[in-house]
Amino acid sequence: MSDFSNRVARLRKERKLTQQEMAEALKLSRQTVSNWEKGRIEPSIGVISKIASYYGVTIDFLLGHEMYTTQYERKYQQEGFYWGRKINCLAHEVLRLMPPQRPLRLLDVGCGEGQAAVFFARNGYHVTAFDIAESGLEKGRQLAKAAGIHVDFFQCDLLHHELINTYDIIYSTDVLEYVPSRKRENVLRGFRGHTAVGGLNVLDTFVEKSFIKTAPDWEHDKEFYWQTGELFSHYRGNWRIELCEESIFDCDSSGVPHQHCMDMMIARRMV
Ligand SMILES: C[S@@+](CC[C@H](N)C(=O)[O-])C[C@H]1O[C@@H](n2cnc3c(N)ncnc32)[C@H](O)[C@@H]1O
């Protein structure tokens with residue numbers, strides 16, 4: 001499936017339109033819209049331009065050359081910290097397993113409002129952190145400034161970014177559910193390949209359970225459950241699993257109490 005077919009389908013679903021309604025608005029047949037979304041055909045540049053103005057996005061966005069932001073961009077623009085100031089237990093595990101007794105480079109992927117990134121920098125790690133949501137990064141920058149420490153924050157889409165540097169620790173919490181299945185091995189290959197020998201990958205993600213209802217704020221076109229154990233299956237051979245845990249916890253991120261099931265993993269690169 002091309003970026004175009006994914007995005008044209010996402011935009012339609014986000015606006016709660018049927019294929020028929022979209023086709024009528026663009027004076028085309030429903031079959032044409034269906035074929036775009038299935039990746040069977042792509043429209044001419046003239047039609048792409050019409051679709052872009054219909055949805056109020058750029059042609060570059062439709063073709064996948066611009067980032068697709070998440071609901072958090074808006075949430076992070078509100079006052080205060082959407083995720084609060086509490087630090088994920090995995091961050092404390094990093095301190096325990098790999099304390100910064102020498103200069104250690106840590107990458108926080110999908111850092112949100114930067115709480116964990118600032119926590120690591122305060123504890124002496126050299127921290128780089130990115131997220132797709134610029135408003136979250138801005139909060140992180142302010143937090144770092146107030147703490148008198150430095151974090152290299154930058155905006156970037158995990159799905160379209162090739163890592164350049166090597167890190168001692170790659171840390172990413174509550175982000176991998178934004179990676180569709182077909183892109184997972186590619187993203188995790190990037191993490192593994194850019195981790196120094198002896199370094200850690202510290203990750204968690206939501207897994208599907210038939211007895212847990214999907215959260216009310218789940219972004220159906222952007223968030224994708226993993227299967228139990230799937231995360232660990234990407235870390236074989238040269239990797240030693242230091243922590244492997246599945247848990248169910250309560251959450252009220254949307255104001256409506258619900259539950260999640262999460263797999264957590266810390267893997268160490270041995271060779
Ligand atoms: C649930 S929040 C978690 C934030 C932070 N890691 C934490 O644990 O508090 C998910 C974050 O992933 C970011 N995100 C989602 N898709 C992304 C992508 N493709 N590239 C970079 N960041 C992404 C969102 O903007 C959001 O800040």
Side-chain angles (χ1 to χ4, degrees), residues 1 3 6 39 68 70 88-98 104-112 116 120 128-132 156-215 218-249 251 258-271:
M1 294 273 270
D3 283 330
N6 282 324
Y68 204 105
T70 65
N88 190 304
C89 61
L90 283 175
H92 295 282
E93 281 299 304
V94 170
L95 256 69
R96 190 177 69 78
L97 288 168
M98 214 164 167
L104 291 175
R105 295 148 300 175
L106 182 146
L107 175 69
D108 185 351
V109 175
C111 61
F120 286 124
T128 304
F130 73 82
D131 198 282
I132 201 168
C156 172
D157 183 341
L158 165 65
L159 302 180
H160 294 105
H161 178 64
E162 300 274 331
L163 298 182
I164 299 165
N165 299 316
T166 295
Y167 300 91
D168 298 293
I169 299 145
I170 297 187
Y171 173 92
S172 185
T173 58
D174 210 348
V175 176
L176 288 177
E177 59 272 14
Y178 283 90
V179 180
S181 339
R182 67 183 189 288
K183 299 208 170 173
R184 287 177 188 166
E185 174 48 22
N186 197 34
V187 165
L188 294 179
R189 189 185 304 120
F191 289 4
R192 296 191 308 260
H194 288 266
T195 305
V197 174
L200 302 176
N201 279 192
V202 182
L203 309 171
D204 67 17
T205 192
F206 289 134
V207 296
E208 187 166 29
K209 290 283 162 210
S210 56
F211 52 89
I212 296 183
K213 277 197 198 148
T214 302
W218 190 257
E219 295 184 278
H220 288 272
D221 55 342
K222 299 192 188 76
E223 290 185 86
F224 313 92
Y225 283 116
W226 291 53
Q227 298 305 311
T228 289
E230 186 185 342
L231 186 54
F232 319 113
S233 70
H234 291 267
Y235 287 81
R236 295 208 171 109
N238 298 339
W239 291 79
R240 185 174 75 202
I241 304 292
E242 303 269 7
L243 177 143
C244 150
E245 217 173 282
E246 184 164 281
S247 62
I248 293 175
F249 62 93
C251 178
H258 55 275
Q259 286 191 312
H260 289 291
C261 180
M262 179 159 260
D263 274 9
M264 290 196 279
M265 183 203 73
I266 300 184
R268 190 186 293 272
R269 181 171 172 181
M270 302 308 287
V271 184

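Heads up: numbering here begins at 1 and tracks the sequence.
Taking all atoms of both residues into account, the shortest heavy-atom contact from Gly199 to Trp239 is O-CZ3, 4.3 Å. Here the closest non-hydrogen pair linking Tyr171 and Ala116 is CE2-CB, 3.9 Å. Heavy-atom minimum distance, Asp131 versus Cys111: OD2-N, 3.3 Å.
In this structure, the side chain of Arg268 engages the main chain of Gly198 through a donor-acceptor pair within 3.5 Å. Although no hydrogens or angles enter the test, the distance criterion places no donor-acceptor pair under 3.5 Å between the side chain of Asn238 and the main chain of Arg269. Here the side chain of His194 pairs a donor or acceptor atom with the backbone of Asn165 at under 3.5 angstrom. Formation of a donor-acceptor pair under 3.5 Å by the Glu230 side chain with backbone atoms of Gln227 is found in this model. Of the possible polar contacts, none joining the Asp263 side chain to the Thr205 backbone as a donor-acceptor pair under 3.5 Å is found.
Looking only at side-chain heavy atoms (C-beta outward), Thr128 and Asp108 stay at 4.5 Å or farther from each other. Contact of the Met265 side chain with the Leu243 side chain is not registered, since no non-hydrogen atoms from C-beta on lie closer than 4.5 Å. Between Ile132 and Leu158 the shortest side-chain heavy-atom distance does not fall below 4.5 Å. Here the side chains of Leu90 and Met264 are in contact, with some heavy-atom distance below 4.5 Å. Within the 4.5 Å cutoff, the side chain of His234 has heavy atoms near those of the Arg192 side chain. The side-chain heavy atoms of Phe191 and Leu203, taken from C-beta on, include a pair separated by under 4.5 Å. You'll find the side chain of Leu159 reaches within 4.5 Å of the side chain of Pro180, heavy atoms only. For the pair His161/Phe130, a side-chain contact is recorded, criterion being any heavy-atom separation below 4.5 Å from C-beta on.
Here CG of Leu107 is found 11.0 Å from CG of Asp168. Values are rounded to the nearest 0.5 Å. In this structure, Arg105 CZ and Ile169 CD1 are separated by 9.5 Å, a value rounded to the nearest 0.5 Å. Rounding to the nearest 0.5 Å gives a distance of 8.0 Å between NZ of Lys222 and OH of Tyr178. Distance check: Tyr225 OH to Ile212 CD1 gives 8.0 Å after rounding to the nearest 0.5 Å.
Within the cation-pi definition used here (under 6.0 Å to the ring centroid, within 45° of the axis), Arg184 qualifies as a partner of Trp226.
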Verify side chain to side chain donor-acceptor pair (under 3.5 Å) between Asn201 and Thr195, making sure each step is shown before the conclusion.
CA-CA 8 Å; Asn201 279 192; Thr195 305; 2.8 Å; yes
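The aromatic rings of His260 and Phe249 sit tilted, their planes meeting at an angle between 30° and 60°.
Salt bridge status for Glu242 with Arg96: absent, with no side-chain N to carboxylate O gap under 4.0 Å.
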